[in-house]
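Before any comments, here is the structure.
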Amino acid sequence: MNATQETGPEFSLPGTEGEGTQKYSLNEYTEEGGVVLIFYPFDFSPVCTDVICHFRDAEFLSFTDNVDVFGVSLDSCYAHMRFIEEYDIPFPLLSDTTVTVTERYGLAYDEWEHHEGVPKRALLTIDETRSIRYKWLTENAYESPSYDELHQTVLSLEDRSR
């Protein structure tokens, strides 16, 4: 497990759970427990669709009362609404259309498939003090993380928030 001592920068982004949009603030969710952030390049790209659907199907994320999951990409909330509807995604997808949050977290590609500033594939778990407890990052968007490590860090977030 890649534990770090970094603090997750605060952010507020527009997002959707499938109908309508609202602002999502990191501070709001870390007050109540932990957060898992899934950074990914684009809705509907083959690898990203597989990855997001893997998280949709991960039972260990479904049974976490005090851990919230968010996907973050450059796509608009309108694209996210369609993506959520088509693939039945059970967690909010946030729109970082200005690349501000992606860059603050140091997760932007200079260029990926002819697009600049696209989020790299990354997973972060952030605890109630906004400390990054786990960070997985890859330069290769087709590489996958260890879901066992993610599961263990989600369990540790659950234990801390009890």
Side-chain angles (χ1 to χ4, degrees), residues 6-62 64 66-127 130 132-145 147 150 153-154 157:
E6 295 177 69
T7 298
E10 165 57 8
F11 64 79
S12 182
L13 287 173
T16 184
E17 294 181 45
E19 292 185 20
T21 62
Q22 66 182 51
K23 285 280 190 178
Y24 291 84
S25 164
L26 180 63
N27 280 343
E28 178 184 340
Y29 288 91
T30 54
E31 286 176 0
E32 300 175 11
V35 170
V36 176
L37 297 177
I38 306 163
F39 285 84
Y40 64 102
F42 295 111
D43 295 340
F44 298 104
S45 69
V47 70
C48 296
T49 299
D50 289 346
V51 167
I52 295 297
C53 288
H54 183 84
F55 286 105
R56 173 199 65 199
D57 298 339
E59 288 184 4
F60 68 88
L61 291 175
S62 302
T64 54
N66 297 315
V67 177
D68 291 291
V69 178
F70 300 98
V72 181
S73 79
L74 296 186
D75 292 297
S76 72
C77 286
Y78 303 107
H80 287 333
M81 285 181 206
R82 177 86 167 91
F83 192 62
I84 287 169
E85 178 184 338
E86 187 163 329
Y87 293 100
D88 196 28
I89 307 303
F91 49 84
L93 300 179
L94 310 183
S95 295
D96 186 19
T97 57
T98 61
V99 195
T100 306
V101 174
T102 301
E103 286 180 348
R104 276 182 165 158
Y105 278 84
L107 302 175
Y109 283 114
D110 290 334
E111 180 182 24
W112 185 72
E113 296 188 358
H114 310 291
H115 295 84
E116 294 179 16
V118 173
K120 295 176 182 179
R121 290 246 339 264
L123 298 173
L124 288 87
T125 58
I126 301 174
D127 68 19
R130 282 203 0 240
I132 297 175
R133 303 277 304 227
Y134 174 80
K135 183 176 185 179
W136 175 85
L137 167 66
T138 183
E139 294 293 324
N140 178 356
Y142 298 95
E143 186 178 345
S144 293
Y147 295 107
L150 178 62
T153 192
V154 167
L157 288 176

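In what follows, every heavy atom counts, from backbone to side chain, and hydrogens, waters and symmetry copies are set aside.
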To the nearest 0.5 Å, how far apart are [atom1] in [X] and [atom2] in [Y]?
{"X": "Thr125", "Y": "Ile38", "atom1": "OG1", "atom2": "CD1", "result": "11.5 Å"}
{"X": "Leu93", "Y": "Thr21", "atom1": "CG", "atom2": "OG1", "result": "13.0 Å"}
{"X": "Leu37", "Y": "Asp68", "atom1": "CG", "atom2": "CG", "result": "10.0 Å"}
{"X": "Met81", "Y": "Thr16", "atom1": "CE", "atom2": "OG1", "result": "4.0 Å"}
{"X": "Asn27", "Y": "Glu32", "atom1": "CG", "atom2": "CD", "result": "11.5 Å"}

side-chain contact (heavy atoms from CB on, under 4.5 Å) for Ser73 and His80? Distances and angles first, verdict last.
CA-CA 9 Å; Ser73 79; His80 287 333; 3.1 Å; yes
Is the backbone of [Y] close enough, under 3.5 Å, to the side chain of [X] for a donor and an acceptor to pair up by distance?
{"X": "Arg121", "Y": "Trp136", "result": "no"}
{"X": "Asp75", "Y": "Asp43", "result": "yes"}
{"X": "Asp96", "Y": "Thr100", "result": "yes"}
{"X": "Tyr105", "Y": "Pro9", "result": "yes"}
{"X": "Thr30", "Y": "Gly34", "result": "no"}

Applying the side chain to side chain contact (heavy atoms under 4.5 Å, CB included) criterion to Phe39, which one of Val101, Leu137, Leu94, Leu123 satisfies it?
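Passing option: Val101.
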Any side-chain heavy-atom pair of [X] and [Y] under 4.5 Å:
{"X": "Val51", "Y": "Tyr40", "answer": "no"}
{"X": "Tyr24", "Y": "Leu13", "answer": "no"}
{"X": "Phe44", "Y": "Tyr87", "answer": "yes"}

Considering all heavy atoms, the nearest [X]-[Y] contact:
{"X": "Pro119", "Y": "Pro41", "answer": "O-CG, 3.4 Å"}
{"X": "Arg104", "Y": "Glu10", "answer": "NH1-O, 2.7 Å"}
{"X": "Arg56", "Y": "Pro90", "answer": "CG-CD, 3.5 Å"}
{"X": "Leu26", "Y": "Gly8", "answer": "CD2-O, 3.9 Å"}

Is Gln22 atom CD crowded by more than 12 heavy atoms from other residues, nucleotides or ligands, each under 6.0 Å away?
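Counting neighbours around CD of Gln22, more than 12 heavy atoms of other residues, nucleotides or ligands fall under 6.0 Å, so yes.
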Any luck finding a side-chain donor-acceptor pair between Thr97 and Ser95 under 3.5 Å?
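Judged by distance alone, the side chains do not pair up.
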Using salt bridge (charged side-chain N to carboxylate O under 4.0 Å, His left out) as the criterion, list what pairs up with Glu139, not counting sequence neighbours.
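Only Lys120 meet the salt bridge (charged side-chain N to carboxylate O under 4.0 Å, His left out) criterion with Glu139.
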Determine whether the aromatic ring centres of Phe55 and Phe91 lie less than 6.0 Å apart.
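No, the ring centres sit 6.0 Å or more apart.
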